[in-house]
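Ligands are counted one by one from 1 in listed order, and the atoms in each one are counted from 1 as well. Quick caveat: nothing in here was measured; it's all calculated off a predicted structure. Just so you know, these numbers use all the heavy atoms, side chains as well, and skip hydrogens, waters and symmetry mates. Index from 1, following the sequence.
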Amino acid sequence: MTEYRELALRIRAHALRMTSRARSSHIGGCLSAADLLAVLYGGMLRVDPRRPDWPERDRFILSKGHAAAAVFAVLAERGFFPRQWLHNYYLDGSRLPGHITRGIPGVEASAGSLGHGLSLGCGMALAGKRDQQPYRVFVMLSDGECDEGSTWEAAMFAGHHRLDNLVAIVDYNKIQSLGTVQEVLDLEPFCAKWQSFGWAAREIDGHDVADIEVALRAVPFQPGRPSGIIAHTVKGKGVSFMENRLAWHYLAPSDEELQRALAELGVSG
Ligand SMILES: Cc1ncc(C[n+]2csc(CCOP(=O)(O)OP(=O)(O)O)c2C)c(N)n1
């Protein structure tokens, strides 16, 4: 568990530095996803950085593509590409754009226009079944995307086709870009909605690495059903002045805020 926590810390520190340097948005949703990504890439995903195109690899799709900084950070930490690439994230001439983009080693799909990742995951999972491939497909969604009809069409499709090689992980941080989920379009009873679409779904604490590992080890939760993990998280998790603050969806940390945030995490600038 210590390794997961250390990896999550490095993801948070990288994402803070990257968004600050680029003066770019979305740090709140990177910090909420950091523990989930640490457990996924810290051991649960069957991937190999030396063979990013290995046909039997698990597929991971970041449907909430604006949190790219966190995924680039974990891919660099796992050795898919050099850590130096992170230094000019989202700057002119960079290899790493502000949203997740296919073509970068370890990235399976482009995303950023929200609400499409689960459909992509369904296609990959269905292809895997038809080709009798052993890989699993993991899709990380935001709660905001679950206000979109396309997500529920994909959820219905996955249930209908009994895609038990598909796992949806919702980073349920309860905050979108301009309001809370409750104000914008409430999702509750959320877990029950997934279940009614034919999914085996459960709720976890998305910051408890042990809880996350137990859930990821248990997929598929039920044979013949896609697995849904509703991960309760906190937007901005780990940095006190960002936690649960709507403004940190779009704000970029200033130099001074970056130093304060890194000091709170206990890492140097
Ligand atoms: C189709 C689409 N509409 C609008 C946007 C602009 N946008 C970027 S992030 C975001 C919502 C952020 O909230 P959420 O999706 O819950 O993400 P998280 O809190 O996990 O960062 C929106 C509306 C978009 N990227 N795609």
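- A salt bridge links R12 with D35: the closest approach of a Lys/Arg side-chain nitrogen to an acidic carboxylate oxygen falls below 4.0 angstrom.
- Salt bridge annotation for K129-D164: present, with a cationic side-chain nitrogen under 4.0 angstrom from a carboxylate oxygen.
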Test salt bridge (Lys or Arg N to Asp or Glu O under 4.0 Å) applied to E256 and R260, step by step: CA-CA 6 Å; E256 186 269 327; R260 263 202 290 152; 3.0 Å; yes
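- With a 4.5 Å cut-off on side-chain heavy atoms, L96 and F81 count as touching.
- A salt bridge does not link R78 with D48: every distance from a Lys NZ or Arg NE/NH1/NH2 to an Asp or Glu carboxylate oxygen is 4.0 Å or more.
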Between ligand 1 and the protein, which N/O pairs are shorter than 3.5 Å?
from, atom 1, to, atom 2, distance (Å)
ligand 1, 15 (O), S142, OG, 2.7
ligand 1, 16 (O), D143, OD1, 2.6
ligand 1, 16 (O), G144, N, 2.9
ligand 1, 16 (O), I175, O, 3.4
ligand 1, 17 (O), H66, NE2, 3.2
ligand 1, 19 (O), N173, OD1, 3.3
ligand 1, 19 (O), N173, ND2, 3.1
ligand 1, 19 (O), I175, O, 2.9
ligand 1, 19 (O), K235, NZ, 2.6
ligand 1, 20 (O), K64, NZ, 2.9
ligand 1, 20 (O), N173, ND2, 3.2
ligand 1, 21 (O), H66, NE2, 2.7
ligand 1, 21 (O), K235, NZ, 3.4
ligand 1, 25 (N), G112, O, 2.7
ligand 1, 26 (N), L114, N, 3.1

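- Aromatic ring centres of W85 and F72 lie farther apart than the 6.0 Å criterion allows.
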